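Here's the structure, in structure tokens; my notes come after.
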There are 2 protein chains.
Amino acid sequence: MPEKKPRTARQAAPTSVDVARRAGVSQAAVSYVLNGVQRTHVSQEVQAKIWQAAQELGYSIHPSARALRKGQSDEICLIADVPVSAHLFELFAAIQQQTFSYNLAPVLYVSHGLPPQQVEELLRRIFARRPMGIIATARSMTEQQVARARQMGVEQVVLVSAEPATYTSCIVLPSYEAGTLAAQHLLERGHHHLGLVHPDDAAAAYGFQQRLEGMRAIISQTPGATLQILPMHLSLSGARALIETYLDGPGHPTAIYAYNDDYALPLLRALADRKFRVPEDIAVLGTDNVSFGEFIQPALTTIHADNQAIGQRAIEMLLALRSGQAIPAELTRPLQPRLLIREST
Amino acid sequence: MPEKKPRTARQAAPTSVDVARRAGVSQAAVSYVLNGVQRTHVSQEVQAKIWQAAQELGYSIHPSARALRKGQSDEICLIADVPVSAHLFELFAAIQQQTFSYNLAPVLYVSHGLPPQQVEELLRRIFARRPMGIIATARSMTEQQVARARQMGVEQVVLVSAEPATYTSCIVLPSYEAGTLAAQHLLERGHHHLGLVHPDDAAAAYGFQQRLEGMRAIISQTPGATLQILPMHLSLSGARALIETYLDGPGHPTAIYAYNDDYALPLLRALADRKFRVPEDIAVLGTDNVSFGEFIQPALTTIHADNQAIGQRAIEMLLALRSGQAIPAELTRPLQPRLLIREST
DNA sequence: CTGAAAGCGCTTACAG
DNA sequence: CTGAAAGCGCTTACAG
């Protein structure tokens, strides 16, 4: 028993040395067994003794000590450069669940709204933590920043992106397909004049261009169909301005792809205020399937990818990358968006 | 320059030894200066040299190394035992902003919905990380668990709670006051028969009892006023069941305190489906001021505390506790809820 | 005022 | 198959 150790902290927590002593083995054996290292063969009997000792002492590994030794922590950093949204949170919760059994610690960072200099500082701090991997939205990390991460020893960077990148692995959520899906659905509902909301916040507008192209591809095959871009600020007054500017006069759009659910919400409200009936006068379509969508009136038709699936892919990709394996093809295949028809279209 | 060091990782990142060498001082001096330790006086000139060397090398401290040495990490763990909600996310973002300048790393854990055994395991892992502090909702940590945290070396635990606890510091968000505020407002609007939604999910119902008592205190002073408890499951069908069971027949409630915004939303939708007009037939009041509240129709009247204020308090409290100071009285004073009147009442 | 040295709790190459 | 030892990058008591 330690007697004159000048303990710096209160430290009641047992260490691997304590476990080793109790099991009557070396510290190395404890490490091998608890980490399931195959290279070294330890007898079944000894393994059982070690597990039991760990259990009895209530031993938990000290993540900092391990991280220091291995040169890599058990953290997975999630970096989001999008406004706080219900969708993002749901995605985070999904990832947290997925990682639990892998003993990984997901940490969320929201870089949206920070001045560029603070973003740089934030990234520097994140890299310095030497996370096992980084999962980031494509906008939140430039190619240069990904390179800098690698240089600082963070090799695994997975981007959630509208299209594949050359410089790192991506989970592809194709906004182009969302655009075609939206246009097809709205045309099928009998509309000819479509609109696409363009967020006036550049950070929030990620994937707009792809949506636009997807819609155009469908429109161009449909005689008489038109498409109009509708700039909008994310607020009630922004939605009102959109209505006054673009939903008046002959040939105005009668069906709007609202970019995502966050934009659909104030738009729906402003439309109701102006006595537009939804979907009879104007159809509205969102993206992300945010949790409140089913409760509002009219319930919001939306396009979405499965959050659980995104989370699972991200983790599997990180794990494959870490073990140096090639990434299975099914993980790089784009995750097709699905249409969820409710009442607003 | 290191030549035969058997580097385990790629490690391009500079260490404090590198900084010391470049500045021509000892490693200790670097540590003292970069951490702003006052105890040891280092000349202005040397300080400048150290800062410059750190800057030039792009030095960032290795958090794991420091944590291992200090017996405490720079993490602040936030533990939430509530369903994923926009409100929680907004609070998290506020805390993240607050902590940036203190070089603290907030980490969010959602324990809602996990089986008890997994919660225990999660807490064990959180404690083992030796965070600088824990900020938790009152339901997510029992007194016993707070004690266990202390025993594992995590001394600072701040609870966000409806009432002060004897065993640790609290940020008090008095649900009792929310109840009185709700009852007063609804009575002023001319209602006499009030209802209070009771979430059927025990974890979600935190603070229900206090709301109830607050409402009763007001009701009891008002001749002819009644109050009914309305059990509800968080879903559209749950809201429908509530309406069918409790909003029929003479003397039924005409004004409902929906527990919080999450419950108010499906309730509003179900009321609309049943052709109740809000607020004319039934008034509905929420809590939390979730971001979508202002966009729905009718816009949701709600009761809330300032997220920024909660985040700031939590951090200040943690910082005061760490430095061993007494907590300033203004931090322990309950954070009074405010009424935000919109259209649903 | 500055510097050399110990030690936090792990993992892993290496010797037995 | 098992164990002793080095070392990851810091902080801090202590000696000069």
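Everything numeric in this text was worked out from a predicted model, so none of it was measured. So that the names make sense, note that chain A is the first sequence line, chain B the second, and so on, each numbered from 1.
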Assign B/Val42 to base, sugar-phosphate, or nothing according to its heavy-atom contacts below 4.0 angstrom with the strands shown. sugar-phosphate

For B/Ile61 and D/dG9, what is the distance between atoms CD1 and P respectively, to the nearest whole Å? 12 Å

If pairs are Watson-Crick or G-U with both distances under 3.5 Å, what is the dot-bracket string of DNA chain C, marking crossing pairs with [ ] and pairs to another strand with |? |||.||||||||.|||

Atom-to-atom span, CG of A/Leu68 to C1' of D/dG7 - whole angstrom: 9 Å

May I ask you to check if B/Arg125 and A/Phe100 form a cation-pi contact, with NZ or CZ under 6.0 angstrom from the six-membered ring centre and within 45° of the axis? yes

Which of the following nucleotides, C/dC10, D/dT11, C/dG9, is nearest to the side chain of B/Arg69? D/dT11

Within this structure, what is the CG-to-C1' distance between A/Asp74 and C/dC10, rounded to whole angstrom? 13 Å

Distance in angstrom units between B/Lys70 NZ and D/dT11 C1', rounded: 7 Å

Can you list everything that forms a side-chain hydrogen bond (donor to acceptor under 3.5 Å, both in side chains) with A/Tyr59? Sequence neighbours excluded, please. none

Scan A/Val46 against the nucleic acid and name what it touches under 4.0 Å (heavy atoms): base, sugar-phosphate only, or nothing. sugar-phosphate

Taken in chain and number order and not counting sequence neighbours, the residues that satisfy side-chain contact (heavy atoms from CB on, under 4.5 Å) with B/Tyr102 are B/Leu104, B/Ile315, B/Leu319

Does A/Thr15 have a side-chain nitrogen or oxygen under 4.0 Å from the phosphate oxygens OP1 or OP2 of C/dG9? no

In whole angstrom, give the distance that lies between atom CD of B/Gln72 and atom P of C/dG9. 14 Å

Roughly how many Å is it from CD in B/Gln27 to C1' in C/dA6, rounded to a whole number? 12 Å

How close do A/Arg148 and A/Glu120 get, heavy atom to heavy atom, and via which atoms? NH2-OE1, 2.7 Å

Side chain to side chain donor-acceptor pair (under 3.5 Å) contacts in which one or both residues fall within residues 309-322 of chain B, not counting sequence neighbours: B/Gln312-B/Glu316

Atom-to-atom span, CD of A/Gln47 to P of D/dT2 - whole angstrom: 9 Å

Residues in side-chain hydrogen bond (donor to acceptor under 3.5 Å, both in side chains) with A/Tyr206, at least two apart? A/Ser161

Apply side-chain hydrogen bond (donor to acceptor under 3.5 Å, both in side chains) to A/Gln308 and list each qualifying residue two or more places apart in sequence or on a separate chain. A/Gln98

List for me each residue that meets side-chain hydrogen bond (donor to acceptor under 3.5 Å, both in side chains) alongside A/Gln27, sequence neighbours excluded, and say none if there are none. A/Ser16

Given atom CZ of A/Arg21 and atom C1' of D/dG3, what is their separation to the nearest angstrom? 15 Å

Table of protein N/O atoms under 3.5 Å from nucleotides 13-16 of chain C N/O atoms:
unit_1: C/dA13; atom_1: N6; unit_2: A/Tyr32; atom_2: OH; d: 3.0

State whether the number of non-hydrogen atoms from other residues, nucleotides or ligands found under 6.0 Å of A/Glu330 atom CD is greater than 12. yes

Would you say A/Ser16 reaches C/dG9's phosphate, i.e. side-chain N/O to OP1/OP2 under 4.0 Å? no

Side chain of B/Ser31 - closest among C/dT2, D/dT11, D/dT2: D/dT11

Sorted by chain and residue number, the side-chain contact (heavy atoms from CB on, under 4.5 Å) partners of A/Tyr32 (sequence neighbours excluded) come out as A/Ala28, A/Val37, A/Thr40

Residue pair A/Arg66/B/Ala65 against DNA chain C: nearer the 5' end by closest nucleotide is B/Ala65

Mind checking if A/Ser43 touches a base, just sugar-phosphate, or nothing, with heavy atoms under 4.0 Å? sugar-phosphate

Out of C/dG3, C/dG9, D/dC10, whichever nucleotide has its closest atom nearest the side chain of B/Val25: C/dG3

